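Residues: numbered from 1 along the sequence shown. Bear in mind the structure is a predicted one, so any value in this text is a computation, not a measurement.
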Amino acid sequence: MSNTKPPRSFWIIAVLALIWTALGVTAWVMDLITDESQLAGLDEARKQLFAQRPQWVFVLYALATGTAFLGALALVLRKAVAMPLFLVSLIAVVVQFSYFLGVMDTVKLLGLAQAATFPLVIFTIGAFLYWYSIKARKKQWIS
């Protein structure tokens, strides 16, 4: 563990990152256990998107959320492994959402604003967490 004491803001960001990424893992689990009765309650556009999503995109979703959660946990534990974990998560997010927005009919079915807003938020937070883990390493808050 590093001898450099991180500021209070580090702990706030680390704990918020852990909560945010835990919500991401929870969302993935909820997606995993979605059954026919839950799909029946969706509008036709979302049913179509759910049906046409390839399995590898769902695996990338698991990779993105899982590595982000582990990265946040590493940040809380002040471990430098947070950096590569956040990087893997960010790459998985970019590939997943590139397919979601570029190849699937997401924009056509939902409209650009509805299709792109949450992916943009997720990407921005992921990029911030990766950048912040690099900063924390340089400042020796993590080692």
Side-chain angles (χ1 to χ4, degrees), residues 1-2 5-139 141-143:
M1 180 157 313
S2 176
K5 183 178 178 182
R8 179 180 291 174
S9 60
F10 171 87
W11 295 110
I12 292 169
I13 290 169
V15 169
L16 287 175
L18 193 60
I19 293 168
W20 169 256
T21 59
L23 290 172
V25 170
T26 301
W28 180 83
V29 170
M30 296 305 292
D31 196 342
L32 177 67
I33 63 174
T34 298
D35 62 17
E36 293 298 321
S37 66
Q38 292 164 319
L39 286 176
L42 298 177
D43 60 56
E44 287 305 312
R46 291 187 197 288
K47 285 181 193 174
Q48 185 176 343
L49 289 171
F50 195 88
Q52 70 178 220
R53 178 182 61 185
Q55 191 64 32
W56 67 266
V57 172
F58 188 69
V59 171
L60 276 179
Y61 181 16
L63 182 65
T65 57
T67 55
F69 177 77
L70 292 174
L73 184 59
L75 200 60
V76 168
L77 297 174
R78 298 180 62 196
K79 300 295 181 188
V81 71
M83 292 182 311
L85 288 167
F86 283 136
L87 178 59
V88 168
S89 176
L90 188 59
I91 291 168
V93 163
V94 168
V95 174
Q96 173 193 0
F97 286 137
S98 293
Y99 187 84
F100 182 70
L101 294 170
V103 177
M104 293 176 67
D105 295 329
T106 309
V107 174
K108 180 180 167 188
L109 291 168
L110 300 177
L112 181 60
Q114 192 173 17
T117 300
F118 202 55
L120 184 58
V121 169
I122 291 169
F123 170 79
T124 302
I125 292 171
F128 170 78
L129 291 174
Y130 176 57
W131 168 82
Y132 193 75
S133 67
I134 293 169
K135 176 183 172 178
R137 179 69 178 119
K138 286 179 182 175
K139 297 227 181 225
W141 300 335
I142 61 176
S143 60

Considering all heavy atoms of both residues, which atom of [X] and which atom of [Y] are nearest to each other, and what is their separation?
{"X": "S89", "Y": "A64", "value": "OG-O, 2.7 Å"}
{"X": "P84", "Y": "V81", "value": "CD-O, 3.1 Å"}
{"X": "T67", "Y": "L63", "value": "OG1-O, 2.6 Å"}
{"X": "K47", "Y": "L39", "value": "CE-O, 3.0 Å"}
{"X": "Y61", "Y": "R53", "value": "CD2-NH1, 4.3 Å"}
{"X": "F86", "Y": "G71", "value": "CZ-C, 3.3 Å"}

Just by modelled atom types, is the [Y] backbone N or O under 3.5 Å from a matching donor or acceptor in the [X] side chain?
{"X": "Q38", "Y": "D35", "value": "yes"}
{"X": "T65", "Y": "V25", "value": "no"}
{"X": "T21", "Y": "A17", "value": "yes"}

Separation of [Y] [atom2] from [X] [atom1] (nearest 0.5 Å):
{"X": "L70", "Y": "L77", "atom1": "CG", "atom2": "CG", "value": "10.5 Å"}
{"X": "S9", "Y": "L16", "atom1": "OG", "atom2": "CG", "value": "11.0 Å"}
{"X": "I13", "Y": "W20", "atom1": "CD1", "atom2": "CH2", "value": "15.0 Å"}
{"X": "F50", "Y": "L42", "atom1": "CZ", "atom2": "CG", "value": "8.0 Å"}
{"X": "W28", "Y": "L32", "atom1": "CH2", "atom2": "CG", "value": "4.5 Å"}

Would you mind reporting whether [Y] and [X] have side-chain heavy atoms less than 4.5 Å apart?
{"X": "R78", "Y": "L75", "result": "no"}
{"X": "I134", "Y": "K139", "result": "no"}
{"X": "P7", "Y": "W141", "result": "yes"}

* Any chance you could lay out the side-chain contact (heavy atoms from CB on, under 4.5 Å) test for F69 and L85, step after step, and finish with the verdict? => CA-CA 9 Å; F69 177 77; L85 288 167; over 6 Å; no
* For R137, does the CZ atom sit with more than 12 other heavy atoms under 6.0 Å from it, leaving out its own atoms? ->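 Atom CZ in R137 is not packed in, count stays at 12 or less.
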* Under the 6.0 Å and 45° cation-pi test, does R8 pair with F10? -> no
Under 3.5 Å donor-acceptor pairs involving side-chain atoms of residues 90-117, not counting sequence neighbours:
{"residue": "S98", "atom": "OG", "partner": "V94", "partner atom": "O", "Å": "2.6"}
{"residue": "T106", "atom": "OG1", "partner": "F100", "partner atom": "O", "Å": "2.5"}
{"residue": "T117", "atom": "OG1", "partner": "A113", "partner atom": "O", "Å": "2.4"}

* Kindly determine whether L60 and Q55 satisfy side-chain contact (heavy atoms from CB on, under 4.5 Å), including the steps that lead there. => CA-CA 9 Å; L60 276 179; Q55 191 64 32; over 6 Å; no
